Structure formats: structure tokens, C-alpha cells
Amino acid sequence: MYGKSTFFNYIVGQKISIVEDKPGVTRDRVYADAEWRTRKFTLIDTAGIEPKSEDEILISMREQVQIAIDIADVIVFLTDIKQGITEADKDIALLLKKTKKPVVLVCNKSDNFGKENNDIYEFYNLGIRGTTCCFFC
Ligand SMILES: Nc1nc2c(ncn2[C@@H]2O[C@H](COP(=O)(O)OP(=O)(O)OP(=O)(O)O)[C@@H](O)[C@H]2O)c(=O)[nH]1
Ligand SMILES: [Mg+2]
């Protein structure tokens, strides 16, 4: 629950995807046409992934995400500065780099910056070139 659906709804300009303060809310892919600075594109909201989990539901969520990865031209990888880099983030960064597609790393919830002991610069260690900070609360 890094704020993927919140980001999706913000870009699309409508409350299409369900946002809740608990993990595992988005399970399928949610599509919407969007426009940003005169550019039209389709945005896909996905579940979060736990690359190493053997749990059946998490495996099927991962398969849904893989479909989105396969058809995407650009991947937006959301992380959470409140939480810091997780083991899953490191695994996902490796997985996304293997796709050879452009990846934009978003360090989300940056409204928390300075409030706690969060180190935003650690996210550069994920080795994604397009790194940006933002918040969508
Ligand atoms: N402080 C803060 N909270 C945020 C921000 N973006 C989202 N949230 C909150 O984070 C929680 C989870 O947001 P979602 O958009 O549902 O997260 P998600 O990544 O889609 O979660 P899953 O679908 O469960 O994987 C909600 O309570 C949001 O209001 C942000 O930029 N800052
Ligand atoms: Mg979601």
C-alpha cells in the first residue's frame, strides 16, 4: 500500500481504483485512459507484488502484474519513504531492470519527509535512473 491506486486516480482525475489504508486492496489490473500535458496514454493500476511469496493469492496477483509489465511501454515503480526500502523493493527493482523497459521510480509519501528518520537518498541504491519524489495523499 504505497499509494499506487491514489497515484492512478490522481493522474486519471477520477476515483476509479479503490484506495484503502490496508494492504492487498488492488488485486486485478485496473485500466483507464489518461491525459497529462497533452499526452494521451493508458494507465494500469496493479496489485503490489511480493516476489518471493509462495502464497497462492499472492502468486496470482503477481501473474496479473506480470501481464501489465509485459504490455507496458513505461513502468512507474512506487515506493514508500515512510517505510524505507524493503526486501520486496530490492527484488522488484531487479525484476524491473530485467525487462529493459524505461522505469520511473517514485519515492511516494514524501509528505513524510523530515517528520521521521527517513532517508530519501537510500532509494538511489535501487539503481533506477529516473528517480523522483512525490506525494499523493
Ligand atoms: N501520507 C501519504 N499517504 C498516502 C499517499 N498516497 C497514498 N497514501 C495513503 O496510503 C494508503 C494506501 O493507498 P493506496 O493508493 O490504496 O495504496 P496501493 O499501493 O494501491 O495499495 P494496494 O492496492 O493494497 O497494493 C491510503 O490510506 C492512502 O490515503 C501519500 O502520498 N502520502
Ligand atoms: Mg491499490
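Please read all numbers here as calculations on a predicted model, not as lab measurements. Order of appearance sets the numbers: ligands from 1, and atoms from 1 within every ligand. Heads up: numbering here begins at 1 and tracks the sequence.
Under the 4.5 Å side-chain contact rule for hydrophobic residues, Ile71 and Ile69 do not share a cluster. There is a path of hydrophobic side-chain contacts, each under 4.5 Å, that joins Tyr2 to Val106. Under the 4.5 Å side-chain contact rule for hydrophobic residues, Val104 and Leu78 share a cluster.
A salt bridge links Asp80 to Lys109: at least one charged side-chain nitrogen sits closer than 4.0 Å to a carboxylate oxygen. Taking the charged nitrogens against the carboxylate oxygens, Asp73 and Lys101 have no contact shorter than 4.0 Å, which rules out a salt bridge.
At a heavy-atom distance under 4.0 Å, only backbone atoms of Pro23 (N, CA, C or O) approach ligand 1. Residue contacts with ligand 1, taken as heavy atom pairs separated by less than 4.0 Å, do not involve Leu78 at all.
The distance criterion of under 3.5 Å between nitrogen or oxygen atoms is not met by Val19 with respect to ligand 1. Considering backbone and side-chain N/O atoms, Ser5 comes within less than 3.5 Å of an N/O atom of ligand 1. On a distance-only criterion, Lys4 and ligand 1 share at least one N/O pair closer than 3.5 Å. Residue-to-ligand polar distances place Lys109 within reach of ligand 1: an N/O pair is separated by less than 3.5 Å.
In this structure the side chain of Thr79 never reaches within 4.5 angstrom of the side chain of Asn108, judged on heavy atoms. At least one side-chain heavy atom of Leu126 sits under 4.5 Å from a side-chain heavy atom of Phe77. Looking only at side-chain heavy atoms (C-beta outward), Ile92 and Pro51 come within less than 4.5 Å of each other.
Numbered from 1 in the order shown, with element, the atoms of ligand 1 that lie under 4.0 Å from a heavy atom of Asp111 read 1 (N), 2 (C), 30 (C), 31 (O), 32 (N). Each of the following atoms of ligand 1 lies closer than 4.0 Å to a heavy atom of Gly48: 25 (O). Set against the non-hydrogen atoms of Gly24, the atoms of ligand 1 under 4.0 Å away are 24 (O).
For the pair OG1 of Thr26 and OG of Ser5, the angle at the Mg ion (ligand 2) is about 90°; rounding is to 10 degrees.
For Arg27, the closest heavy-atom approach to ligand 1 does not fall below 4.0 Å.
Of the candidates Glu20, Lys22, Lys82, Met61, Glu20 brings a heavy atom nearest to atom 11 (C) of ligand 1.
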